[in-house]
Number of protein chains: 2
Amino acid sequence: MKIRPPTIKDVAERAACGIATASRVLNGRGPASEKTREKVLAAAADLGFEFSDLGRSLQSSTTRTIGCVVPSLANPVFADVVQAAQAEANRAGYQLILACSDYDAELESRAIRTLLAKQVDGLIVTVSNADESEGLEQVRARGVPCALVYNRSCGDLPAWTVDNRAAAAAVAREFAARGHRHTGFLALEFGRSDRSRERFEGFAEACAALGMAPPVLLEIAEQEGQLLELLRALLSANRDVTGIFASNDYLALAAMKAARGLGMRIPRDLSIVGFDGISTGLMVEPNLATVVTDPRAMGEGAARTVLAQLAGETPPAGPDPARTFSFRQGGSLGPPAPGSTDGGEAATSPPSRQ
Amino acid sequence: MKIRPPTIKDVAERAACGIATASRVLNGRGPASEKTREKVLAAAADLGFEFSDLGRSLQSSTTRTIGCVVPSLANPVFADVVQAAQAEANRAGYQLILACSDYDAELESRAIRTLLAKQVDGLIVTVSNADESEGLEQVRARGVPCALVYNRSCGDLPAWTVDNRAAAAAVAREFAARGHRHTGFLALEFGRSDRSRERFEGFAEACAALGMAPPVLLEIAEQEGQLLELLRALLSANRDVTGIFASNDYLALAAMKAARGLGMRIPRDLSIVGFDGISTGLMVEPNLATVVTDPRAMGEGAARTVLAQLAGETPPAGPDPARTFSFRQGGSLGPPAPGSTDGGEAATSPPSRQ
DNA sequence: ATCGAGAATGGAAACGTTTCCATTTTCGAA
DNA sequence: TTCGAAAATGGAAACGTTTCCATTCTCGAT
């Protein structure tokens, strides 16, 4: 029982005036005598008239709608991004159309295409690989305003992201300062996220520069349920690493749990550092040391960039890279235990302890 | 530099045929000679033509779009609901337009109205009070298919939700079985969520039936940063309760942390039970005992219900109330310490510490 | 009373589709 | 060759707006 909602034509008819007049009155622009104004308003009220955005959009070729593509909402980082972007868009009278790509480049492109067909006025997007995204091609071809989030700036597209390499380097320094020499980088679906790759590369570089052993890449392919078992296996197989840098907090927390299950004590037997700064990190004991970022600021900034372009204003500058992250100390990071297999193939003298 | 995308008219012109013919070819329905088919297809390819959903929607008065209103994406429960609903809608060729109400009835209604103006074909909604939502009024007036999520069914609107009262009663039984008699119910923004209210009522009723003292309502108004301090104050002021049932897991975890900060040991000095079953509950030590629910199933079910209505099929039955939750044991729930002030407000001896 | 300026009004086109229907074309059978 | 049926085609209306522009009103000034 779908009701046909009243149109402006119905209103005009009931108010015994032309459509153009009704439109002017209802929109509050253009001249109209007091008498007709009242008639129109009354008619609209009687009918419970509401404009249909469809006709409007068609005529103005503007939908007041922004498309948003993120990998997943299960990661609180992206949930925050979306929520912030949504709020900001709303404030400017825009709605957000959401699509989740599930970290799949194919779905990503399809989503972008669909959004474009829906005539979104702008786009806010996180892609798995900004440099070779077929979807972004189309966006450029159409000249639709678009901002990247958590992707490095790519071509002419503005980007709101953290400086992954610098942040990873900071983590390396924290490890080094405490005397760690053998570390691991823990990633889920490594291949599917250039964020992960950047963090690993930045970390590896810094480790080298700091005279540490190259970090071993601990990669987990799928997360089907047995994440913990996989982690346990990984940890058991790499007893010589004294510190683990996880590519996100969730993974870091899981690693903490797995390590505990193995009877390891944190940070004595294993130090763990995360990435993102989600609030859960503060709920566990010991607190998770991590790189804290500000997803809301990213989402909001991206939205503002797009909205400014739509309004013909000059968009805000992207974030200051150095301010996009900060390191948060936490009990999960400490010096390795004296007895740990620190010596490895290189270092001979144990690093000094406080 | 917004490009005017090519329209079907451009294609027709280039293919030297009528618009109607081009439409038929491009849509693959209706007769067309092989020759023209080729010409049209070639023209479309040359121009990079893509249909605009706008004209289509106007003409079919269908947008293949579903509106979705949830309180917030910061709560993983709703993030899951949205993600699942989005996936299901996508599968059927629908897009999701998202709005967050921030637990505010006013915003809620506004969002619904906007979505309706955008001519969404259906709605998936979580409201703060289903019985007196002005927005839902409008929905009914317009006859737009709509499903409620995490709200009790209201009037004719189908709902996908957990049986809050039954679940709360189960929690009460768990407390009772371990000898707790004085419990508290912890809620954030109690007034803004009928979910919270239902849980409290179900809990209180069951406590009474089990011969326990009426649970004290521990309410927190705002969460501006100092959530932990507020919790600490609340806990300190209610030393006689031996068990706390939190209206959601996040709150429960925060309470665990606050209690630890107060030197209390869990579950010896205080047992804590949450609600929702978010995965973080398994990352902390001890694990959080909680009512686990299935937000994805709810979101997916709601989407299916709406989609079925749109397709003219008979919608699936709602969830079986008894299956909407299950209790998960966890280390955060245990018997109260023997020395605890079980006897009532009069207790004189300080809680024993190890 | 007449005129003209400015206000008020409504018809119609345009936005991009789909679809009805009338017209034209094609082609096989007589 | 002619006829008729079926296939192919394109004009036009409709969907709900906004807006241009031409027309009609209203009034004050002459």
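Sequence lines set the chain letters: A, B, ... in the order given, protein chains first and strands last, and positions in each chain run from 1.
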May I ask you to check whether over 12 heavy atoms, not counting those of B/R152, lie within 6.0 Å of atom CZ?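 Atom CZ in B/R152 is not crowded, with 12 or fewer foreign heavy atoms closer than 6.0 Å.
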Whole angstroms only, please: what is the [atom1]-[atom2] distance between [X] and [N]?
| X | N | atom1 | atom2 | value |
| --- | --- | --- | --- | --- |
| B/E13 | D/dT9 | CD | C1' | 17 Å |
| B/I19 | C/dG16 | CD1 | C1' | 9 Å |
| B/K118 | D/dG16 | NZ | P | 17 Å |
| B/L54 | C/dA14 | CG | C1' | 14 Å |
| A/I8 | C/dG10 | CD1 | P | 13 Å |
| A/D53 | D/dG16 | CG | C1' | 11 Å |
| B/E34 | C/dC27 | CD | P | 13 Å |
| B/R4 | C/dC15 | CZ | P | 7 Å |

Using a 4.0 Å heavy-atom cut-off, does [X] contact any base of the nucleic acid, only the sugar-phosphate backbone, or nothing at all?
| X | result |
| --- | --- |
| A/S52 | sugar-phosphate |
| A/R37 | nothing |
| B/E50 | sugar-phosphate |
| A/N27 | sugar-phosphate |
| A/T21 | base |
| B/A20 | base |
| A/G55 | base |
| B/Q119 | nothing |

With the threshold set at 4.0 Å, does a side-chain nitrogen-carboxylate oxygen contact exist between [X] and [Y]?
| X | Y | answer |
| --- | --- | --- |
| B/E137 | B/R140 | yes |
| A/K9 | A/E13 | no |
| B/D46 | B/R14 | yes |

Measure the OG1-CD distance between A/T161 and A/E198 for me, rounded to the nearest 0.5 Å.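 A/T161 atom OG1 to A/E198 atom CD measures 6.5 Å (nearest 0.5 Å).
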Working to the nearest 0.5 angstrom, can you tell me the gap between B/M298 CE and B/I124 CD1?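 With rounding to 0.5 Å, CE (B/M298) is 13.5 Å from CD1 (B/I124).
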So which nucleotide from C/dG10, C/dT19, D/dA8 ends up closest to the side chain of B/S33?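 Per side-chain heavy atoms of B/S33, the pick is D/dA8.
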Could you work out which one of D/dT18, C/dT17, D/dA8 sits closest to the side chain of A/R56?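 So the side chain of A/R56 is nearest to D/dT18.
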Tell me which of B/K35 and A/P5 sits closer to the 5' end of DNA chain D, going by the nucleotide each one is nearest to.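 Going by which nucleotide is closer to the 5' end, it is B/K35.
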Does the base of C/dG10 carry an N or O that pairs as donor and acceptor with the side chain of A/R24 under 3.5 Å?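 Answer yes: a donor N or O sits under 3.5 Å from an acceptor.
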Any A/S23 side-chain N or O less than 4.0 Å from OP1/OP2 of D/dT19: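 No, A/S23 has no side-chain N/O under 4.0 Å of OP1/OP2 on D/dT19.
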Looking at A/T36, I'd like to know whether one of its side-chain N or O atoms comes within less than 4.0 Å of OP1 or OP2 on C/dT9.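 Looking at the OP1 and OP2 atoms of C/dT9, one of them is under 4.0 Å from a side-chain N or O of A/T36.
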